[in-house]
Amino acid sequence: MTTFRTPADAAEAHAIQDTLRARVVLDEPGPPPGTGRATGVDVAYDEERDVVVAAAVVLDAATLDVVAETTAVGRVTFPYIPGLLAFREIPTVLTALEALPVDPGLVVCDGYGRAHPRRFGLASHLGVLTGLPVIGVAKNPFTFTYEQPGPRRGDSSPLLDRDEEVGRALRTQDGIKPVYVSVGHRTGLDNACAHTLLLARDFRQPETTRRADALCRQALREATA
DNA sequence: GCGACAG
DNA sequence: ATCTTGTCGC
């Protein structure tokens, strides 16, 4: 597992992304959807107290039952800069992932992977550092463009950077605004969408992110109280 | 130069 | 991300 280093500034962060990008694996299909485990990771902040809490929640991919969960507390070491989100979230997320007593299976993060200005978003970065299959499911289209997908659950359309497909806008519930799926590491886009759809069985967002989000917020309250 | 911009 | 009550709707 590669060591994480917090960059001194944006220029150094860009350089790190440009270097690590070469290690992304894009030619593996990834774990079969609906089997094994899927792990959601998310982070909550208390900017005032300079505290960050990460959560990792492992689900059975078939039943969506919780198999294991961990949290980790850290300090904010990098500001939020669009395109550099990973440097803010990854350190504490790594700690939470390492504390898991079981193999995470497919890791699902809140944000982007290949859909990124330098093709190296949070999901790509986390994948390269851990070696795990990782995908990104974001709630906003960031700077990318897309045609509105069909109205039904499962409908999708290409997420574009110029004319390059960097991800997909995927409708996970009938008549509800889509989520934005992109590949991180060791997973194909079709598979990433299939996983997302199965994980978003009951809600717009995948159950993995919902559980991780709830857990890190709760842990932040407790760490802050 | 100004605005937009994952979380 | 986070600040934040009630309220409209299934």
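Just so you know, these numbers come straight off a predicted model, no measurement behind them. In the text below, chain A, chain B and the rest are named by the order of the sequence lines, each starting its count at 1.
Rounded to a whole Å, the CZ atom of A:F142 is 6 Å from the P atom of B:dA6. Rounded to whole Å, atom P of B:dA6 lies 10 Å from atom CZ of A:F144. When rounded to the nearest whole Å, the span between CD of A:Q205 and P of B:dA6 equals 14 Å. Distance, A:L122 CG to B:dA6 C1': 8 Å, rounded to whole Å. Between the CG atom of A:N140 and the P atom of B:dC5 there is a distance of 9 Å, rounded to whole Å. Here the P atom of nucleotide B:dG7 and the NZ atom of A:K139 are 4 Å apart, to the nearest Å.
Here A:A115 lies out of heavy-atom contact (under 4.0 Å) with every strand. At a threshold of 4.0 angstrom between heavy atoms, the contacts of A:G136 with the nucleic acid are absent. Residue-level contact check: A:L84 touches the bases, meaning some heavy atom is under 4.0 Å from a base atom. Among the atoms of the strands shown, none is found under 4.0 Å from any heavy atom of A:D46.
Of the candidates B:dA6, B:dC5, B:dG7, the closest approach to any side-chain atom of A:T143 belongs to B:dC5.
Looking at every heavy atom in both residues, A:A194 comes nearest to A:P33 through CB-CG, 3.7 Å. A:R186 and A:G131 make their closest contact through NH1-O, 2.5 Å (heavy atoms, listed as atom of the first residue, atom of the second, distance). When all heavy atoms of A:T70 and A:L215 are compared, the pair lying nearest together is O-CD2, 3.9 Å.
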Inset, instruction - Could you walk me through whether A:I176 and A:R153 pass the side-chain contact (heavy atoms from CB on, under 4.5 Å) test, one step at a time? - result: CA-CA 8 Å; A:I176 299 298; A:R153 167 177 161 83; over 6 Å; no
Inset, instruction - Before giving the answer on side-chain contact (heavy atoms from CB on, under 4.5 Å), spell out for A:R21 and A:R118 the whole-Å C-alpha distance, their side-chain angles and the decisive distance to 0.1 Å. - result: CA-CA 8 Å; A:R21 185 179 49 228; A:R118 284 168 299 285; 3.6 Å; yes
Inset, instruction - Could you walk me through whether A:N191 and A:I135 pass side-chain contact (heavy atoms from CB on, under 4.5 Å), step by step? - result: CA-CA 10 Å; A:N191 249 320; A:I135 66 172; over 6 Å; no
Legend entry - Worked check of side-chain contact (heavy atoms from CB on, under 4.5 Å) between A:V108 and A:H195: CA-CA 9 Å; A:V108 180; A:H195 276 110; over 6 Å; no
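Put simply, CD on A:E89 and OH on A:Y45 are 3.5 Å apart, with the number rounded to the nearest 0.5 Å.
If you walk DNA chain C from 5' to 3' and mark each nucleotide with an atom closer than 4.0 Å to a heavy atom of chain A, the marks span C:dA1 to C:dT2.
We find that the ring of A:Y80 and the base of B:dG7 stack, their centres lying under 5.5 angstrom apart and their planes tilted less than 30°.
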Legend entry - Under the 3.5 Å Watson-Crick or G-U criterion, the dot-bracket string of DNA chain C, with | for inter-strand pairs: ..........
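Between A:H125 and A:F87, the ring planes are perpendicular. Angles over 60° get that label, and only those under 30° would be called parallel.
For the 3.5 Å distance criterion, the side chains of A:Y180 and A:Y146 qualify, holding a donor opposite an acceptor.
Taking hydrophobic clusters as Ile, Leu, Val, Met, Phe, Trp and Tyr residues chained together by side-chain heavy-atom distances below 4.5 Å, A:V24 shares a cluster with A:L132. By the rule that hydrophobic residues join a cluster once side-chain heavy atoms approach within less than 4.5 Å of another member, A:L126 and A:V166 end up as members of separate clusters.
For the segment residues 218-225 of chain A, the set of residues with a heavy atom within less than 4.0 Å of an atom of DNA chain B is empty.
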